[in-house]
Amino acid sequence: MSFWDRIKPAPKPVSATDVQLAPDASALSLTWEDGARTSASAQVLRQQCPCAACVDEWTNRRTLDPARVPADIRIQALQPVGNYALTLTFTDGHGTGIYPWPLLREITQPQG
Ligand SMILES: [Zn+2]
């Protein structure tokens, strides 16, 4: 390993280059810098909401009961936060979750 290899910065987390909401707003599809395409249903995204109302800030435990998120929930709005995250608002009125790219990459599933 050369000197230059050791001082290389840590790889920057991959970010999405394109975000598509399904026509019926029931799912989100993402295209990533590295060419991967992933998607997740609105229900999964709502269940994984990382905000302080859904996850205990101190213990990091999820306080939201996933069973209480209906299967027919939809995404009402999505808004970029800088170039590192998305804010999603759901049809249950919940819109405080900020989803950074690495979290979205983790909770979405590769598309065929
Ligand atoms: Zn939340």
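Atoms within each ligand, like the ligands themselves, are counted from 1 in listed order.
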### Message
Looking at every non-hydrogen atom in both residues, tell me the closest pair between C51 and H94 and how far apart they are.
### Response
SG-NE2, 3.3 Å
### Atoms named by residue and atom, protein N, O or S, within reach of the Zn ion (ligand 1) (under 2.8 Å)
C49 SG, C51 SG, C54 SG, H94 NE2
### Query
Hey, does the Lys NZ or Arg CZ of R105 hover above the aromatic six-ring of W32, less than 6.0 Å from the centre and inside 45° of the axis?
yes
### Query
Side chains of S39 and Q109: is there a donor and an acceptor less than 3.5 Å apart?
no
### Query
Roughly how far apart are R46 CZ and T89 OG1, rounded to 0.5 Å?
10.5 Å
### Message
Can you confirm whether the side chains of T87 and Q79 place a donor and an acceptor under 3.5 Å from each other?
### Response
no
### Task
May I ask you to decide whether R68 forms a salt bridge with D92, counting only side-chain N to carboxylate O separations under 4.0 Å?
no
